[in-house]
Peer 1: 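I'd like to ask you about the structure that follows.
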Amino acid sequence: MHLLRLNLAVAASGFRRYATYRVATVAGVFTNTVFGFILAYTFIALWYERPQLGGYDQSQALTFVWIGQAMLATAALMGGGFQDEFHERVRNGDVAIDLYRPVDLQLWWFASDLGRAAFQLLGRGLVPMAVGAFAFELTLPSSPTVWLLFLCAVFLAVVVSFALRYLFALCGFWLLDAAGLGALSTLMSVFFSGMLLPLTVFPGAFGEVVLWLPWAATLQVPADVLLGESGGGGLAGLGFQLAWAVVLLVAGRLLQAAATSKVVVQGG
Amino acid sequence: MQEDAGGAVRDTDGAFIDVTDLRKTFSVRRRSGLLRRTSTEVHAVDGISFTLRRGEMTGFIGPNGAGKSTTIKMLTGILSPSGGRLRVAGVDPARDRTRLVRRIGVVFGQRTTLWWDLPLRDSYGLVRRMYRIPRARYEENLARCVELLELGGLLDVPVRQLSLGQRMRGDITAALLHDPDVLYLDEPTIGLDVVSKARVREFLLHLNAERGTTVLLTTHDLSDIEHLCERVVVIDHGRLMYDGALAGLHEVGRGERTLVVDLERELPPIEGIAGARTVRTEGPRQWLTFPATASAAPLVSRIAADYPLVDLSLREPAIEDVIARMYAA
Amino acid sequence: MAETGAVERGAPGRRLSARRALGRVAWGLRAYGFIAAMWVRSTMAYRASFAMMLVANFATTFLDFAAIMIMFSQVDALGGFALPEVAFLYGTSCVAFGLSDLLLGEAERIGRRVRDGTMDILLMRPVPVLSQIAADRFALRRLGRIIQGSLVLGWSLTRLQLDWTAGEVLLTVSMVLSGGLIFGCLFVLGGAFQFWAQDASEVQNAFTYGGTTLLQYPPTVFGKELVRGATFVVPLAFVNWLPALRVLGHDDPLGLPGWVDFAAPAVALLCCAGTALVWRAGLRSYRSTGS
């Protein structure tokens, strides 16, 4: 009970921290919207040449674009999120203090990142989505169940994204090269999440493989859940996300234990 | 000071820094409703006047938010004043910022301008190029600072490996390579150990005596001012509260120093010592206050004579306390 | 250099003669050079990190092109343009953007500098603030984007099989250089904007990163309104669309007169002049309001 309250407080402070930057939020919404328009037009041209490409019709493809813009900040697909601060604490050694706190390191950062994601879904996700729906003909479900499933998928997307970024961030204990690691993490995320192109458009065996990578859980799957393209009424997609979430979070715990013992051995 | 039509610079040693009715007003906008915003005027600096002679070393103090840094920013030409008249070395800082900056040096205690990952020497090389300092003069100034600030073995060490005190000495050197006429120091001894503090102060006294550099010093450490400045300018709420000698400030502010006395055992509060009163006791330790203008020596000998004294220490009044009392007075 | 002789006079220092202005520009460029050199030396303290970031920079931009190649694995043409033609657009956009990103990509940090007070330190030095801002965190790793763009551009040239005239070669070179200037102006404008709105650094991404993405695709892909906006409001079309359409032998969707294809250098210079005015206004506003 106490633990839950503590983590809720951490999440709330994560939410508030991002909520204070109003101008930055407006600026971000503007940029997301501009990128949404650019991508939308290229998708129109692409689906004009190949209707039903990747199993989507044109309207679904456009919906995919705007879901992507809404998820960009929420799931920290192009960077942003807790990891910059985490790296800084690893670099300057403050992380040793964190390790001695009574709260769990992974849970602490997770709660704070969740708070951030919640704000960015509301602050930076809704408006571009609404603009997209206004300017283009999108395929949005009318069933509240699908929306509910989509919300679950967004939550799990944030969890998987966090778990991935946490793994990369922990590598900083050994490599001490935050910038390079961050760049690598972002690179993988942008390409393999479906941010540039839906993964179903990727050709051949490569196209098969990318659908099974964890990054697919951060954008491709939530989009498919909303578009009704995920099997089992969306449950297959959620199961896929859940499986990756568990695997990656456990991996994060193991790596964290290794990092902790390293810090303890070296005395911080 | 004389305002002259041609704008020509006269030698202004008597009023090297000349501030007349200086004002800076910011308008701060606040949300007052869902869409409404109201704008309020904040007078950060509200009519300050003072003049500094060339070669004078002055303490510039006041609580946080008093308008100190706004004033310094106007003196360095970063901010343009909203009103009043300002001359530094005969130059109007806001109009001729680029010309003025060659004649001033600035040191921030809490912010280094040195290059973190490069040896000190590289930072100095950049200063030489930015200020276009002739090679010979640069070498001479560097050698002098290196000798006086004892930076000899440190020139080739990356700045990130220097201690706080070493870095501060490095920063002071960087600010002096172009022979500035005016040096602004912002908390130059903050966080330094006693030895480094002493070394920095000694250097500044030397600089002032040898080169006649005019120094304006902002600090929260009254002992900096006691060691360095014959004069203090106090501002608060954007106004000049005091301008004169440090001793006078204590008088005005009825500054009190505190003597902390450790006795052998717990005793009733010390009584009957003229000019001092016990304000607090805690076990064998007692706190006595006395006027800042009085000497502590007779007090200490009286106490030592009457009480079993183990140890004692002297606390200077904090600037904030002094200023707070100025209001009460 | 510039102010000897003027030192003992008062106001005349403010009268800018052409010679003084040129002297200032030359001094600004020289200062840019030695500050940038310091950054290079500073980053070389972490060689492994530098190598990794160079590769990351290259790879990030390469993935943009990989997405385009994936598109073309599914279709033969996009908006009536074949892959080599899109690659030509991609390459010119990428190199032009890469040049400006290399030379003044950190102008977006102005907001942060205003907030943390380090802007004041720049103002206390006898070096133009713009030089210091532009050279801030100069990083050779940004060559990654230019290299990648050049490779794509080179590849497209081998596949396009155009009959090059001297004029077209000149047009292509001037397109990349003017494009670099236009993007550079956008970076500086975005930076200057932060004097008024410190947290708005992301707005400029819409124009810089958004701009280079836009220009990687043929204008025929986009709605007319968007193309008009990218021609007359933010003159991105001059970076590569207008001149490239001529080189590639395509019609311009807006049907503008033919001479505008050659107008890029003039437009770039106009942008610079406008940007200079906005920059000065931004700096003046900062100096009257502080942080």
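Throughout, a chain's letter reflects where its sequence line sits, starting with A, and its residues are numbered from 1. Quick caveat: nothing in here was measured; it's all calculated off a predicted structure.
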Peer 1: Say you draw a straight line from CD1 of A:I38 to OG1 of C:T213; how long is it, rounded to the nearest 0.5 Å?
Peer 2: 5.5 Å
Peer 1: Could you tell me whether the side chain of C:T60 and the main chain of A:L187 form a donor-acceptor pair under 3.5 Å?
Peer 2: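 No, the answer is negative, given that no donor and acceptor are paired below the 3.5 Å cut-off.
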Peer 1: Taking atom OH of A:Y48 as the centre, report whether more than 12 heavy atoms of other residues, nucleotides or ligands fall under 6.0 Å from it.
Peer 2: no
Peer 1: Suppose a student defines contact as a heavy atom less than 4.5 Å from any heavy atom of chain A. Which residues in residues 64-98 of chain C would they list?
Peer 2: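 Counting heavy atoms that sit under 4.5 Å from chain A, the residues of residues 64-98 of chain C involved are C:D64, C:A66, C:A67, C:I70, C:M71, C:S73, C:Q74, C:V75, C:A77, C:L78, C:G79.
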Peer 1: Might you work through the side chain to side chain contact (heavy atoms under 4.5 Å, CB included) test for C:F222 and A:T42, ending with a clear yes or no?
Peer 2: CA-CA 7 Å; C:F222 300 101; A:T42 63; 4.1 Å; yes
Peer 1: Please state whether the side chain, the backbone, both or neither of C:L226 comes within less than 4.5 Å of a heavy atom of chain A.
Peer 2: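 Answer is side chain: those atoms of C:L226 sit under 4.5 Å from chain A.
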Peer 1: Ring-plane angle category for A:F30 and C:F207, please: parallel below 30°, perpendicular beyond 60°, tilted otherwise.
Peer 2: tilted
Peer 1: Please rank C:A56, C:G223, C:A59 by heavy-atom pairs under 4.5 Å with chain A and give me the top one.
Peer 2: C:G223
Peer 1: Look up atom OG1 in A:T25 and atom CG in C:D199, then write down how far apart they are to the nearest 0.5 Å.
Peer 2: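 Separation between the atoms: 9.0 Å.
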Peer 1: Just wondering, more than 12 heavy atoms not from A:F136 lying within 6.0 Å of its CZ?
Peer 2: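 Result for CZ/A:F136: enclosed.
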Peer 1: Please determine whether the number of non-hydrogen atoms from other residues, nucleotides or ligands lying under 6.0 Å from atom CZ of C:R109 exceeds 12.
Peer 2: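 Buried by this count: over 12 neighbours within 6.0 Å.
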Peer 1: Could you tell me whether A:F168 atom CZ has more than 12 heavy atoms of other residues or ligands within 6.0 Å of it?
Peer 2: yes
Peer 1: Looking at C:N205 and A:F35, what are the two nearest heavy atoms and their distance?
Peer 2: O-CE1, 3.9 Å
Peer 1: Roughly how far, to the nearest 0.5 Å, is CG of C:L63 from CE of A:M195?
Peer 2: 13.5 Å
Peer 1: Among A:V23, A:L196, A:L46, A:V34, single out the residue with the greatest number of heavy-atom pairs under 4.5 Å to chain C.
Peer 2: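 Highest number of heavy-atom pairs under 4.5 Å: A:L46.
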